Amino acid sequence: MNTLQRGGWAVGAAALALASQVHAQTQTQAQTQAQTSAPPAIPSSSVTLYGVVDMAVESGRTGNGGLQRLESGVIAGSRWGLRGTEDLGGGQRALYVVEAGFNGDTGASGQGGLAFGRQVFVGLGGGWGQLTAGRHYTTLHTSLASYALTGLIWGNAANYFRDGTVLRASNSLRYQSPNMGGFTVRGMYSFGEAAGSSVASLYGGSVDYAAGPWALGASWMQRRTTAVNTDRYALLGAAYDFGVARAALLLSTRRDDLPAATSGQGRFYEASVTVPMGMAGQWLLSYGAYHGQARAQSDARALSVRYDHSLSKRTKLYAGVGRIHNEAGAAFTINTASNAGPVVQAGSRPSSVVLGISHAF
């Protein structure tokens, strides 16, 4: 190789080294610019579409003869809804629920035709608890559903004797604490929204304690219905899980300032037991009694048995039989999870047999 050739190779090698160095510097600058100009991280959020379609064939007696019908929302209210959260950082989140009920047998809206009659609220949550504004289940409803095993649905005596007008509250604020050593506290207030008056306002609260197999709770609520009347509700509940079965007992009372002819004063209790059957089945046995305190012969007793069998995590079949014994001045009926039962005659003994399917999505 002559001198000229050696010089050419040297120049080429130097040029290649310089190009490599420039390329590396360019890449480093590009990466730095990309990192410094990247948009800030977007907080995570989620939206979930969910719902239930529940349908059953029912055959019963009302005191006015037999009744056969297809009914929606028997052990679970038929519904669809959206729920979501947004991470605000620092352990804080925004949250909302928009939920509408419907009758699957007719396609009509539930809860008196309200667009989102089951619940709709928005609020904030964090390590301090959760505070929301909108239309909520009342704290009394939450306590009733907690200590009537399987909830306020067909088969639970508490669902036959409860006051259905105080299960939800519009124009309300609701707070729920975090779990504090087993204790959970709830409170709510519903604005009456009448100028210069507290009529239609409602407030209440509850305390629950859970430890191991035990669950204990207490709840109270007041509702101003007129200028001269306030309805007052109280509840005590307890549940214990024996492993082979779970048992619960609740006692609920109502007081008001109405005359005896229109008063709803009374108390009721329910004792319920659930017994699992293998991996897919469960029996429910419920017995309850109501004692009217405003009028004579206004007591009632109720007994129901139901079997639920899960075909999957989202689909179950169920069958049950229930009956109420009304005294001469009582007219309680067998309500479902979504709707009031058929009107019955005072002193009648309504009965119901159901066979249904419930699917959650």
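Nothing here was measured: the structure is a model prediction, and the numbers come from that model.
Remark: Arg83 qualifies as a cation-pi partner of Tyr50 under the 6.0 Å distance and 45° angle criteria applied to the six-membered ring.
Heavy atoms from other residues, nucleotides or ligands lying under 6.0 Å from CZ of Arg61 number 12 at most. Annotation for Tyr137: atom OH counts as buried by contact number, over 12 foreign heavy atoms lying within 6.0 Å.
The shortest side-chain heavy-atom distance between Val343 and Thr62 does not fall under the 4.5 Å cut-off. Residues Phe116 and Val97 are not in side-chain contact: their nearest non-hydrogen atoms beyond the backbone lie 4.5 Å or more apart. Using a 4.5 Å heavy-atom threshold, the side chains of Ile75 and Asp54 count as touching. The shortest side-chain heavy-atom distance between Leu124 and Leu131 does not fall under the 4.5 Å cut-off.
Thr333 places a side-chain N or O within 3.5 Å of a backbone atom of Pro342 that can act as its donor or acceptor partner. Using modelled atom types, one side-chain atom of Arg135 and one backbone atom of Gly117 make a donor-acceptor pair closer than 3.5 Å. The closest donor-acceptor contact from the side chain of Glu86 to the backbone of Ala94 lies at 3.5 Å or more, if one exists at all. Judged by distance alone, the side chain of Ser177 and the main-chain N or O of Val185 form a donor-acceptor pair under 3.5 Å. Side-chain atoms of Asp256 do not come within 3.5 Å of backbone N or O of Thr230 as any donor-acceptor pair. A donor-acceptor contact shorter than 3.5 Å is absent between the side chain of Arg255 and the backbone of Gln265. The closest donor-acceptor contact from the side chain of Tyr147 to the backbone of Leu216 lies under 3.5 Å. A donor-acceptor pair is defined here as one N or O able to donate and one able to accept, closer than 3.5 Å; no such pair exists between the side chain of Asn326 and the backbone of Arg349. With hydrogens and angles disregarded, no donor-acceptor distance shorter than 3.5 Å links the side chain of Ser252 to the backbone of Phe268. Asn159 contributes a side-chain N or O that, together with a main-chain N or O of Asn335, makes up a donor-acceptor pair within less than 3.5 Å.
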### Task
Determine, step by step, whether Leu114 and Arg168 satisfy the side chain to side chain contact (heavy atoms under 4.5 Å, CB included) criterion, reporting the C-alpha distance in whole Å, the side-chain angles of both residues, the deciding distance to 0.1 Å, and the verdict.
CA-CA 13 Å; Leu114 296 177; Arg168 295 180 176 89; over 6 Å; no
### Task
Step by step, work out the side chain to side chain contact (heavy atoms under 4.5 Å, CB included) result for Leu284 and Asp308.
CA-CA 8 Å; Leu284 166 71; Asp308 303 337; 5.8 Å; no
### Query
Given the rule in the side chain to side chain donor-acceptor pair (under 3.5 Å) test, do Thr142 and Arg174 qualify, once you have shown the distances and angles that lead to the verdict?
CA-CA 12 Å; Thr142 301; Arg174 175 169 164 146; 3.2 Å; yes
### Query
Going through the distances and angles, do Val273 and Phe242 end up as a side chain to side chain contact (heavy atoms under 4.5 Å, CB included)?
CA-CA 10 Å; Val273 178; Phe242 294 91; over 6 Å; no
### Message
Using side chain to side chain contact (heavy atoms under 4.5 Å, CB included), reason through Arg186 and Met188 one step at a time and then give a plain yes or no.
### Response
CA-CA 7 Å; Arg186 300 178 182 88; Met188 75 177 306; over 6 Å; no
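Cluster annotation: Tyr160 and Val166 are assigned to the same hydrophobic cluster (Ile/Leu/Val/Met/Phe/Trp/Tyr, side-chain heavy-atom contacts under 4.5 Å, transitive). Hydrophobic clustering (ILVMFWY, side-chain heavy atoms < 4.5 Å, transitive): Val74 and Leu317 are in distinct clusters. Phe161 and Leu149 fall into different hydrophobic clusters, where Ile, Leu, Val, Met, Phe, Trp and Tyr side chains are chained together by heavy-atom contacts under 4.5 Å. One hydrophobic cluster holds both Leu49 and Val98 under the rule that ILVMFWY side chains link at heavy-atom gaps under 4.5 Å. In this structure, Val53 is a member of the same hydrophobic cluster as Val57, with clusters built from ILVMFWY side-chain heavy atoms closer than 4.5 Å.
Note: Leu355 CG to Tyr318 OH = 8.5 Å, rounded to the nearest 0.5 Å. The structure places CG of Leu249 at 12.5 Å from OH of Tyr287, a figure rounded to the nearest 0.5 Å. Rounding to the nearest 0.5 angstrom, the gap separating the CG atom in Leu303 from the CZ atom in Arg301 is 10.5 Å. Separation of atoms CE (Met277) and CD (Gln282) is listed at 11.0 Å; rounding is to 0.5 Å. Here CG of Leu88 is found 10.5 Å from OG of Ser45. Values are rounded to the nearest 0.5 Å. For the atom pair Ser146 OG and His141 NE2, the distance stands at 9.5 Å (nearest 0.5 Å).
Side-chain N/O atoms of Thr85 and Ser46 include a donor and acceptor closer than 3.5 Å. If you check the side chains of Ser286 and Asn156, you find no donor sitting under 3.5 Å from an acceptor. Residues Gln130 and Arg93 have side chains that bring a donor and an acceptor to within less than 3.5 angstrom of each other. Using modelled atom types, one finds no donor on one side chain facing an acceptor on the other under 3.5 Å when comparing Asn103 with Ser72. Between the side chains of Glu58 and Ser352, at least one donor N or O sits under 3.5 Å from an acceptor N or O.
A pairwise comparison of heavy atoms in Trp154 and Val354 identifies NE1-CG1, 3.7 Å as the closest pair. Across every non-hydrogen atom of Ile324 and Ala300, the tightest pair is CG2-CB, 4.4 Å.
Classified by interplanar angle (parallel below 30°, tilted 30° to 60°, perpendicular above 60°), the ring pair Tyr307/Trp283 is tilted. Aromatic ring pairs are classed by plane angle as parallel below 30°, tilted from 30° to 60° and perpendicular above 60°; the pair Phe191 and Tyr189 is perpendicular. Under the 30°/60° scheme for interplanar angles, the aromatic rings of Tyr209 and Phe183 are found to be tilted.
Screening residues 114-134 for salt bridge (Lys or Arg N to Asp or Glu O under 4.0 Å) gives Glu99-Arg118 as the qualifying pairs, with residues at least two apart or on separate chains.
The residues Asp257 and Arg232 are annotated as salt-bridged, a charged nitrogen and a carboxylate oxygen being separated by less than 4.0 angstrom.
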